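Structure first, then comments.
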Protein chains: 2
Amino acid sequence: MQHGAGGKTHTMADVAKAAGVSKSTVSRAFTQPERLGAETVDRIVKIAQQLGYVPNHTARALSTGRHGNLALIVSDVANPFFPPLIRAAQLQADRSDFCVFLGNSDEDPRQEDKLIDRFVTQVEGLLLVASRLSAERIVFHAKRRPMALINRDVAGIPRVLIDSTTGVRQAIDHLADLGHKHIIYVSGPSSSWANRQRRNALKSAARLHDMAVDVVSPHVPSYDSGRAVVPEILASKATAAVAFDDLTAQGIMTGMAERGISIPDQFSVVGCDDVLGAATYPSLTTVSNRSDEAGRAGVRLLLDMLNGHMAGDTRLVLDTHLVIRNTTASPARPGFHSRQAGTAIG
Amino acid sequence: MQHGAGGKTHTMADVAKAAGVSKSTVSRAFTQPERLGAETVDRIVKIAQQLGYVPNHTARALSTGRHGNLALIVSDVANPFFPPLIRAAQLQADRSDFCVFLGNSDEDPRQEDKLIDRFVTQVEGLLLVASRLSAERIVFHAKRRPMALINRDVAGIPRVLIDSTTGVRQAIDHLADLGHKHIIYVSGPSSSWANRQRRNALKSAARLHDMAVDVVSPHVPSYDSGRAVVPEILASKATAAVAFDDLTAQGIMTGMAERGISIPDQFSVVGCDDVLGAATYPSLTTVSNRSDEAGRAGVRLLLDMLNGHMAGDTRLVLDTHLVIRNTTASPARPGFHSRQAGTAIG
DNA sequence: CTGTTAGCGCTTTCAC
DNA sequence: GTGAAAGCGCTAACAG
């Protein structure tokens with residue numbers, strides 16, 4: 001089980017000399033063993049191991065054009081939506097012995113461009129998650145390298161979409177059932193596909209119930225944004241808020257608590273992505289998240305492309321549903337101070 | 001601002017031909033512009049841009065041995081301890097135009113070995129976070145490539161350590177002040193440096209207060225582990241638990257709640273890492289986390305090594321402190337059944 | 001200041 | 001079944 005005696009990296013020539021064969025033979029011993037004498041292969045492999053020889057990824061890549069690397073670019077690693085996705089993508093890539101570069105655009109399209117430029121010559125494929133780039137730029141980059149998208153809908157580029165439409169619709173139905181007549185959507189980044197999709201789903205569902213809808217837009221989706229936007233929320237006459245994501249929702253909850261407003265008695269809150277589990281108090285009603293599946297599927301799509309299984313115009317949609325917990329209740333009636341004990345998780 | 005007209009990747013020779021110069025000149029225009037005629041550089045750069053030429057990272061790496069890549073290997077991307085660290089490391093690497101490979105060992109040393117093997121030929125340096133490898137393997141790999149460590153203390157290898165000793169000691173003092181006489185440590189992975197450190201700090205601090213200490217060891221640090229270990233905790237006579245990390249602590253809280261045990265009235269819980277903020281209910285008393293600083297410092301250390309500023313036996317220690325929130329209180333007295341109504345979010 | 005010439009370590013025809 | 005040689009795209013001495 002010894003991995004070799006450590007120290008300096010050996011080259012193929014070293015192995016060849018030690019084994020008394022040519023470089024080509026060593027090369028083949030690793031890449032196409034079947035075309036070599038069985039014992040030759042054994043001998044070479046053994047010697048290589050003793051020397052601690054590891055094939056040079058870079059040289060191989062330069063020679064073949066296949067790097068065995070792919071780039072995963074996300075908008076914010078620290079946003080809890082991404083880690084499970086990253087992990088799943090990683091695992092999937094690993095099964096095919098791919099290495100993954102991680103890029104963090106920090107919600108900035110220019111940074112994203114820059115990252116891609118830096119990655120493009122050393123990866124076989126790009127996987128952009130929640131890209132903030134314009135469709136044009138995406139198409140441009142897609143011409144340079146195989147590319148797949150997650151939560152971004154650009155025709156002609158294989159993509160997997162977590163469709164929160166279904167979940168958001170359920171959320172609105174739920175709020176309507178509870179008697180809410182006026183809600184507010186706390187928006188995410190305007191360049192976010194998920195945001196547009198959620199806003200639209202919310203508006204059309206609300207229309208069916210004759211609900212009034214306000215919209216308020218913080219700059220970035222975060223705890224702090226949610227907290228900061230509470231005054232604006234209170235300025236409207238809404239009795240419930242649907243937030244772009246759980247982080248924002250959590251911030252709203254804190255902001256409400258700071259003003260002595262009790263949730264869900266005096267105000268209802270719904271999140272999106274279900275990244276917090278039941279950890280908040282009250283536990284957050286939210287739309288389910290399938291980011292790990294998305295990550296896995298995204299990598300699979302990309303690798304399929306690389307294997308020539310041209311995915312064509314694949315558009316994989318993962319739907320979602322509402323997870324009802326304890327931040328939603330009937331709106332407070334004037335003069336009637338309702339109160340609800342924490343009900344168990346649905 | 002146009003980034004070139006898209007499509008196929010051009011080579012340096014293309015640019016050279018288009019500009020009517022030699023390849024070397026083009027090369028120099030990018031790497032040492034000062035040694036060239038100012039206008040020559042301008043012309044070349046402009047033509048390159050028009051063509052959409054991007055220098056080939058791989059070829060450059062093969063030629064120079066400098067890849068401009070580094071590998072960041074963590075034990076679990078999805079553990080909330082890591083994302084901020086990853087983000088900070090990324091940012092720091094970005095300032096020096098480095099690309100970062102992300103590896104996920106999933107707490108498995110063999111996987112870690114495998115990842116390193118895959119990375120080692122295409123990175124300039126390795127940054128291992130909370131490595132689960134034996135000291136011998138770490139030293140072995142460190143001979144192959146410049147390496148820095150985070151939360152792993154191996155002599156001779158530059159490392160940054162988040163020292164929870166101070167924070168844990170404060171936690172024990174705090175529990176002693178509250179009157180606890182018997183506590184239990186819910187352990188993390190045995191191969192974790194942080195775990196050993198926390199356990200030791202806890203034991204020695206407890207000794208000073210004449211406290212009894214039990215230890216229980218789940219396999220991996222996670223919400224589920226914490227939840228599952230509750231029966232064992234209750235089997236002991238401890239009145240307070242200190243958990244290896246916040247996730248485990250959160251699991252314990254859930255497990256306790258499921259058994260109708262109220263925290264902190266009937267049992268106190270302390271976490272480590274402060275990754276949950278005040279999001280739990282009751283909000284968790286925990287030891288502060290400085291993972292982002294650690295990530296930043298780790299990358300800085302590594303890059304310093306690469307620049308020849310031999311860091312020698314650098315050992316950077318970041319200390320921590322206790323963050324007191326609402327999961328700790330005096331132990332319940334026999335015969336006195338305390339009860340606490342849900343207080344608002346801290 | 002700029003062009004020529006060797007490689008970096010590996011794969012890959014093409015011969016034997 | 002195995003070897004020899006060319007070349008992937010770039011950099012780095014050398015010359016001039």
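The model shown is predicted, which means the values in this text are computed figures rather than measured ones.
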Discussion item. Applying salt bridge (charged side-chain N to carboxylate O under 4.0 Å, His left out) to B:Asp108 and B:Arg132, what does each step give before you reach the verdict?
Written reply: CA-CA 7 Å; B:Asp108 178 2; B:Arg132 299 321 190 206; over 6 Å; no
Practice prompt. For the pair B:Ser27 and B:Ser24, evaluate side-chain hydrogen bond (donor to acceptor under 3.5 Å, both in side chains) and give the outcome as yes or no after the intermediate values.
Written response: CA-CA 5 Å; B:Ser27 173; B:Ser24 344; over 6 Å; no
Discussion item. Run the salt bridge (charged side-chain N to carboxylate O under 4.0 Å, His left out) test on B:Asp153 and B:Arg159 for me, step by step, so that the C-alpha distance in whole Å, both residues' side-chain angles and the decisive distance to 0.1 Å come before the verdict.
Written reply: CA-CA 7 Å; B:Asp153 197 1; B:Arg159 51 212 183 280; 2.4 Å; yes
Worksheet entry | Candidate pair B:Asp292 and B:Arg87, rule salt bridge (charged side-chain N to carboxylate O under 4.0 Å, His left out), full reasoning | CA-CA 7 Å; B:Asp292 52 347; B:Arg87 181 170 182 281; over 6 Å; no
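Heavy atoms from other residues, nucleotides or ligands lying under 6.0 Å from CD of B:Glu39 number 12 at most.
Side chain of B:Asp94 to backbone of B:Asp97: no donor-acceptor contact under 3.5 angstrom is found. A:Asp313 places no side-chain N or O within 3.5 Å of a backbone atom of A:Pro158 that could act as its donor or acceptor partner.
Nucleic acid contact for B:Thr40: sugar-phosphate only, since backbone atoms but no base atoms lie under 4.0 Å from a heavy atom of the residue. B:Tyr53 comes within 4.0 angstrom of the backbone, heavy atoms only, and of no base.
In this structure, B:Asp14 does not pair ionically with B:Lys23, as no charged nitrogen and carboxylate oxygen lie closer than 4.0 Å. A salt bridge is defined here as a Lys NZ or Arg NE, NH1 or NH2 lying under 4.0 Å from an Asp or Glu carboxylate O, and B:Arg144 with B:Asp117 meets this definition.
Summary of the strand contacts: B:Ala59 and B:Ser24 both lie near DNA chain D, and taking for each the nucleotide with the nearest heavy atom, the more 5' one is attributed to B:Ala59. For the pair B:Val21 and A:Thr31, both in contact range of DNA chain C, the more 5′-proximal nearest nucleotide belongs to B:Val21. Where B:Thr64 and B:Arg35 each meet DNA chain C at their nearest nucleotide, the meeting point lying more 5' is that of B:Arg35. Heavy-atom distances to DNA chain D give each of B:Arg28 and B:Thr58 a nearest nucleotide, and the one nearer the 5′ end belongs to B:Thr58.
A heavy-atom distance below 4.5 Å is found between the side chains of B:Leu91 and A:Asp106.
Comparing the axis of the opening five pairs of the helix from C:dC1-D:dG16 to C:dC16-D:dG1 with that of the closing five pairs yields an angle of 40°, rounded to 10°.
When DNA chain C is scanned in the 5' to 3' direction for atoms under 4.0 Å from non-hydrogen atoms of chain B, the outermost contacting nucleotides are C:dC1 to C:dG9. Think of the region where chain B sits on DNA chain D: with heavy atoms and a 4.0 Å cut, that region ends 5' and 3' at D:dG9 to D:dA13.
Tested against A:Phe101 for a ring-ring contact (aromatic ring centres under 6.0 Å, His included), the candidates B:Phe98, B:Phe101, B:Phe119 yield a single pass: B:Phe101.
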